[in-house]
Amino acid sequence: VTPTISVFGAGPAGLKAAEAAALGGARVTVFDHMARPGRKLLLAGRGGLNLTHAEPLEAFLTRYSAGATRMSAYVRAFPPSAVRDWAHGLGQETFEGTSRRVFPVAMKASPLLRAWLQRLSSLGVRFVGCSRWVGFSDSPGIALVQRDGAIDSHASDAVVLAFGGKSWPEIGSDGRWLSPFGQAGVDVAPLEASNVGIQIDLPPKVQVLAGQPLKMVDLFVCGQRFRGEAMLTSTGLEGGVIYAAGELLRTGLAKQSPLPIALDLQPNRTFDDVLARLKTRDRRRTLGPWLTKNLGLSVPSARLALSVASSHEPAALAQTIKHAALSVIGLAPIERAISTAGGVAWSELDEHLMVKRTPGTFVAGEMINWDAPTGGYLLQACFATGHAAGLGALKFAQKKGG
Ligand SMILES: Cc1cc2nc3c(=O)[nH]c(=O)nc-3n(C[C@H](O)[C@H](O)[C@H](O)COP(=O)(O)OP(=O)(O)OC[C@H]3O[C@@H](n4cnc5c(N)ncnc54)[C@H](O)[C@@H]3O)c2cc1C
């Protein structure tokens, strides 16, 4: 008898679970409460779709903070090389960009998603949209599904849930699964914004630069230094360097708000060098363009320095360029985070990612309690846990069928 598997949540984790189970011979149906699959994957594609990272595996595995030990097993079983091979198999060549991040050559998600859905369809996977999972039932393998306002029970041999976190709720992951999980007694760590921007009271002259990159800067938070790119937003800053410091910013803000941070806007020059150059400036030259030409500051960095410096005298300006003091008043809302930390506690899950309290139900992706910075670690974890949950569900379903 062909085992049947239902996957709820058609993001990268759910689709990967569906693929692993279908390749193993199961009849798979994927449900999503949105009309179409992969909405967040498509959104991620707008930033180039950083699929994974090419650093050595041992270094890679250290990027997962919460649940690092458990995550290692799943990433080892479906490593970055497997993600790249899989993308190549879908006709999407990949390349290593700066800092060894891996992207599809197309730098977007739509061709990959299209090819993936075609492959799933050819494996017999059926997609059913506008169908929301609303709870566990008393019998294993039966899920409660809301469609057109009515709630039905849907039976299969095993179920994979891959609902994502709680960011960008309008495109799918709205965290409404938390309540049925709570009712079933499943321990879930609160969902918190991760890889999220920070809110800073910026002068109006800087606010108008929203969307412009500060390029390479050093960020100082709670005595630690991070290097990377930052982007100005209308309410503060976002980007790789902010996300890398995310955990410290979150814990720092919990202790002290506003939280003082600083930016080194020209980390490639020493304070003395910046000061010496500023002293040589012909004062008839306009300061902004002079800073970009002679100190290598990007235009937004120069405007930021000029707006927050106490004076435009060389000493004060050099001090601001090397240590622009800013006050963080909060994190940007979870609705606009790249990802969410928190989720189903690892202690609730067996090695195949089955929820121990509800045999036959497996979970995958961002809804599990792990966290990682941007750099391809998020999608990699979703693919790897999706793969594991799909295989786990397949094994369970095959056993059930005898
Ligand atoms: C702007 C942006 C850019 C990003 N860029 C990158 C990047 O370049 N690299 C990277 O690694 N990561 C990136 N990410 C993060 C990455 O997209 C997510 O980590 C990943 O999509 C999570 O996958 P998932 O399958 O766990 O959940 P999701 O992709 O969120 O999918 C969950 C699915 O479940 C459905 N669902 C939710 N509740 C129910 C329910 N009750 N019933 C039925 N269906 C339900 C949702 O509609 C959704 O389709 C980015 C995120 C954002 C927001």
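Remember, it's 1-based here, ligands and their atoms both numbered in the order they're listed. Since this is a predicted model, take the numbers as computed values, not measurements.
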Report the nearest protein non-hydrogen atom to [atom]: residue, atom name, distance rounded to 0.1 Å.
{"atom": "atom 6 (C) of ligand 1", "answer": "Ala44 CB, 3.6 Å"}
{"atom": "atom 30 (O) of ligand 1", "answer": "Ser173 CB, 3.6 Å"}
{"atom": "atom 14 (N) of ligand 1", "answer": "Ile338 CG2, 3.7 Å"}
{"atom": "atom 16 (C) of ligand 1", "answer": "Leu379 CD2, 4.1 Å"}
{"atom": "atom 18 (C) of ligand 1", "answer": "Glu366 OE1, 3.1 Å"}
{"atom": "atom 29 (O) of ligand 1", "answer": "Pro12 CD, 3.3 Å"}
{"atom": "atom 42 (N) of ligand 1", "answer": "Trp133 N, 2.9 Å"}
{"atom": "atom 27 (O) of ligand 1", "answer": "Gly164 CA, 3.2 Å"}

Q. What pairs meet the ring-ring contact (aromatic ring centres under 6.0 Å, His included) rule with one or both residues in residues 21-52, with sequence neighbours excluded?
A. Phe8-Phe31, Phe31-His154
Check each atom of ligand 1 against the heavy atoms of [X] and keep those under 4.0 Å away; list them by number with element.
{"X": "Leu43", "value": "1 (C), 53 (C)"}
{"X": "Ala162", "value": "32 (C), 33 (C), 34 (O)"}
{"X": "Ala13", "value": "25 (O), 26 (O)"}
{"X": "Gly365", "value": "26 (O)"}
{"X": "Leu378", "value": "10 (C), 11 (O), 12 (N), 15 (C), 19 (O)"}

How far does [atom1] of [X] sit from [atom2] of [Y], to the nearest 0.5 angstrom?
{"X": "Leu394", "Y": "His352", "atom1": "CG", "atom2": "NE2", "value": "11.0 Å"}
{"X": "Leu263", "Y": "Leu237", "atom1": "CG", "atom2": "CG", "value": "6.0 Å"}
{"X": "Arg277", "Y": "Gln266", "atom1": "CZ", "atom2": "CD", "value": "9.5 Å"}

Q) Among side-chain atoms of Glu192 and Thr340, is any donor-acceptor pair under 3.5 angstrom? A) no
Q) Looking only at side chains, do Arg147 and Ser131 share a donor and an acceptor under 3.5 Å apart? A) yes
Contact with ligand 1 for [X], non-hydrogen, under 4.0 angstrom:
{"X": "Arg39", "value": "no"}
{"X": "Gly376", "value": "yes"}
{"X": "Met34", "value": "yes"}
{"X": "Leu41", "value": "no"}
{"X": "Trp168", "value": "yes"}

Can you tell which part of [X] has a heavy atom less than 4.0 Å from ligand 1: side chain, backbone, both or neither?
{"X": "Cys382", "answer": "side chain"}
{"X": "Trp177", "answer": "neither"}
{"X": "Phe163", "answer": "both"}
{"X": "Ser131", "answer": "backbone"}

Quick check against the 3.5 Å criterion: does [X] have a side-chain atom that pairs as donor or acceptor with the backbone of [Y]?
{"X": "Gln212", "Y": "Leu232", "result": "no"}
{"X": "Lys40", "Y": "Ser167", "result": "yes"}
{"X": "Asp371", "Y": "Pro373", "result": "no"}
{"X": "Asn195", "Y": "Ser339", "result": "no"}

Q: Please lay out, stage by stage, how His387 and Tyr74 fare under the test ring pair (Phe, Tyr, Trp, His ring centres under 6.0 Å).
A: CA-CA 8 Å; His387 182 73; Tyr74 306 112; over 10 Å; no
Q | Heavy-atom nearest option to atom 37 (C) of ligand 1, drawn from Gly386, Gly172, Ser339 | A | Gly172
Q. Who are the ring-ring contact (aromatic ring centres under 6.0 Å, His included) partners of Phe181, not counting sequence neighbours?
A. Trp133, Phe136, Trp177
**Q.** Arg70 charged N/C atom sitting above Trp370 aromatic ring, 6.0 Å / 45°
**A.** no
